[in-house]
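Here the structure is laid out as structure tokens; the discussion comes afterwards.
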Number of protein chains: 2
Amino acid sequence: MSTIVSLNKALTEFYDKMASWESSVVRESEYSLAQIHTLEVLGNYGAMNMKSLANQLGITTGTLTVQVEKLVKLDLVKRQHSEDDRRSITVALTEAGQAIHEHHNALHLSLTEDLSKDLSENERHTLMALLNKVNQEF
Amino acid sequence: MSTIVSLNKALTEFYDKMASWESSVVRESEYSLAQIHTLEVLGNYGAMNMKSLANQLGITTGTLTVQVEKLVKLDLVKRQHSEDDRRSITVALTEAGQAIHEHHNALHLSLTEDLSKDLSENERHTLMALLNKVNQEF
DNA sequence: ATATTTACTTTGACAGTCAAGTTATCTACC
DNA sequence: GGTAGATAACTTGACTGTCAAAGTAAATAT
């Protein structure tokens, strides 16, 4: 079997297992996958307007409006009208939202530690570097 | 920043981008993400019963029953009663289902080719090997 | 034999989603 | 300045995916 086919299998398998892990982690929390994902994007990339956030999440702004409304009621995000464009609304994490993001991020880090526990420091670094090359090509 | 934190970022970024790619590829097809995912699992792991399939997909058998019903109507999968356990039902791809799986798989392979186009044969092999180590730890 | 477990199905309630249409605001052009 | 078109966000209606809980039928244990 060619390297490319094996690599494809490995990448796909990783993606599937990661999705499964994420799903089970979220199921144990009191928030939905969509909600955690929203907090995750805001935490990782910082506050942004509705359009950018919807784009990053891969959903329409219509769907996002409803989602953000719920998160505002839960006091996890806040909305701020932009000063230079009054149509635009910036969505940002509240302190409570930030805390949840940090907790979720700690779970991710802990998973990464587990996954790479049999790798040498050199191997971890190589994997990271190769993945970064791959990520740039998307 | 420690290697483990960078590695975590790289893995998470890959997962996010892959999810986004999958979602946009599926949106262009005439089938839903859940449907394609079901065909994907059956294609990659072979025919299996409802319980295993639900488990692999991370959904309940109740949800799967409805999903399989739709796929049967679309002639993409078929149900067969197991001979040694008459409660158990084996779900398998039909020819049409197999064709869709192969088409989707070709898209994945093509993505992998694109993603690794700037990697040497050696690097591809290293990445594949390291990912396989990681995948085993899930 | 009968009680328990297992495999699957059915049903009811609810999240997430999109498409299409609406409103408010901004930008470009006369 | 005034008007037309573009843009950002919101609203609504329809549909899919989801689970939990309850139901059915078959296998297994006692």
Side-chain angles (χ1 to χ4, degrees), chain A residues 16 19-20 22-42 47-74 76-92 100, chain B residues 16 19-42 47-74 76-92:
Chain A
D16 279 347
S20 170
E22 183 82 14
S23 153
S24 75
V25 159
V26 166
R27 210 189 309 275
E28 284 161 21
S29 82
E30 59 184 308
Y31 305 106
S32 71
L33 187 54
Q35 288 175 331
I36 293 289
H37 197 190
T38 303
L39 301 182
E40 219 172 351
V41 168
L42 289 174
M48 63 184 84
N49 67 19
M50 293 290 288
K51 188 183 165 79
S52 304
L53 184 52
N55 200 46
Q56 192 66 227
L57 291 168
I59 59 179
T60 63
T61 56
T63 300
L64 184 59
T65 294
V66 179
Q67 190 59 252
V68 165
E69 189 56 37
K70 285 183 208 160
L71 291 173
V72 166
K73 277 192 182 135
L74 291 168
L76 299 180
V77 307
K78 56 193 168 191
R79 283 191 267 226
Q80 294 159 316
H81 278 276
S82 167
E83 292 182 6
D84 38 317
D85 186 340
R86 287 171 46 201
R87 293 168 306 175
S88 181
I89 288 187
T90 300
V91 184
I100 289 172
Chain B
D16 279 348
S20 170
W21 177 85
E22 183 83 14
S23 152
S24 75
V25 159
V26 165
R27 211 189 309 273
E28 283 163 19
S29 82
E30 59 184 308
Y31 304 106
S32 71
L33 187 55
Q35 288 175 332
I36 293 289
H37 197 190
T38 303
L39 301 182
E40 218 172 349
V41 168
L42 290 174
M48 63 184 82
N49 67 19
M50 294 290 289
K51 188 183 165 79
S52 304
L53 185 52
N55 200 45
Q56 192 66 228
L57 291 167
I59 59 179
T60 63
T61 57
T63 301
L64 184 59
T65 293
V66 179
Q67 191 59 252
V68 165
E69 189 57 38
K70 283 184 210 159
L71 291 172
V72 166
K73 277 191 183 136
L74 290 168
L76 299 180
V77 307
K78 55 195 169 192
R79 283 191 268 226
Q80 293 159 317
H81 278 275
S82 167
E83 292 181 6
D84 39 316
D85 186 341
R86 287 168 48 200
R87 292 168 307 174
S88 181
I89 289 186
T90 300
V91 184

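Labels below follow one simple rule: chain letters A, B, ... track the order of the sequence lines, proteins then strands, and each chain is numbered from 1.
Between the P atom of D:dA25 and the CZ atom of B:Arg86 lies a distance of 12 Å, rounded to the nearest Å. Protein atom CE of B:Met50 is 10 Å distant from nucleotide atom P of C:dT10, rounded to whole Å. The separation between B:Asp84 atom CG and C:dA7 atom P is 12 Å, rounded to whole Å. We find that CD of B:Gln80 is positioned 18 Å from P of C:dA7, with the value rounded to whole Å. Distance, A:His37 NE2 to C:dT17 C1': 15 Å, rounded to whole Å. Between the P atom of C:dA24 and the CD1 atom of A:Ile89 lies a distance of 13 Å, rounded to the nearest Å. In this structure, A:His81 places its NE2 atom 18 Å from P of C:dT23, rounding to the nearest Å. The distance between atom CG of B:Asn49 and atom P of C:dT6, rounded to the nearest whole Å, is 14 Å.
Note on B:Ser88: every side-chain N or O is 4.0 Å or more away from OP1 and OP2 of D:dA26. Residue B:Arg27 has no polar side-chain atom (N or O) positioned under 4.0 Å from OP1 or OP2 of C:dA19. Residue B:Thr65 places no side-chain N or O under 4.0 Å from the OP1 or OP2 atom of C:dT10. The phosphate of D:dC19 has OP1 or OP2 within less than 4.0 Å of a side-chain N or O from B:Thr63. Residue B:Gln67 places at least one side-chain N or O under 4.0 Å from the OP1 or OP2 atom of D:dG17. For D:dT7, neither phosphate oxygen OP1 nor OP2 lies less than 4.0 angstrom from any side-chain nitrogen or oxygen of A:Arg87.
When each of A:Glu69 and B:Thr60 is assigned the nucleotide of DNA chain D bearing its nearest heavy atom, the one mapping closer to the 5' terminus is A:Glu69. Nearest-nucleotide mapping onto DNA chain C: of A:Gly58 and A:Glu83, the residue sitting toward the 5' end is A:Gly58. Comparing B:Thr90 and A:Ile59 along DNA chain C, the residue whose closest nucleotide (by nearest heavy atom) sits nearer the 5' end is B:Thr90.
With a cut-off of 3.5 Å on both pairing distances, C:dA15 has no Watson-Crick or G-U wobble partner at all. Look at C:dC29: its Watson-Crick or wobble partner, with both distances under 3.5 angstrom, is D:dG2.
Residue-level contact check: B:Thr61 touches the bases, meaning some heavy atom is under 4.0 Å from a base atom.
For the residue pair B:Ser52 and B:Asn49, a side-chain donor N or O sits within less than 3.5 Å of a side-chain acceptor on the partner. In this structure, a donor-acceptor pair under 3.5 Å is present between the side chains of B:Thr63 and B:Thr60.
Between A:Arg79 and A:Glu69 a salt bridge is recorded (basic side-chain N to carboxylate O distance below 4.0 Å).
Using a distance-only test at 3.5 Å, with no hydrogens or angles considered, no donor-acceptor pair links the side chain of B:Glu28 to the main chain of B:Val25. Of the possible polar contacts, none joining the A:Ser88 side chain to the A:Asp85 backbone as a donor-acceptor pair under 3.5 Å is found.
In this structure D:dA25 sits in the anti conformation; its chi angle is more than 90° from 0.
Of all the heavy atoms in B:Leu76 and B:Tyr31, the pair that sits closest is CD1-CE2, 3.8 Å.
Among the nucleotides D:dC19, C:dG16, D:dC10, the one closest to any side-chain atom of A:Arg79 is D:dC10.
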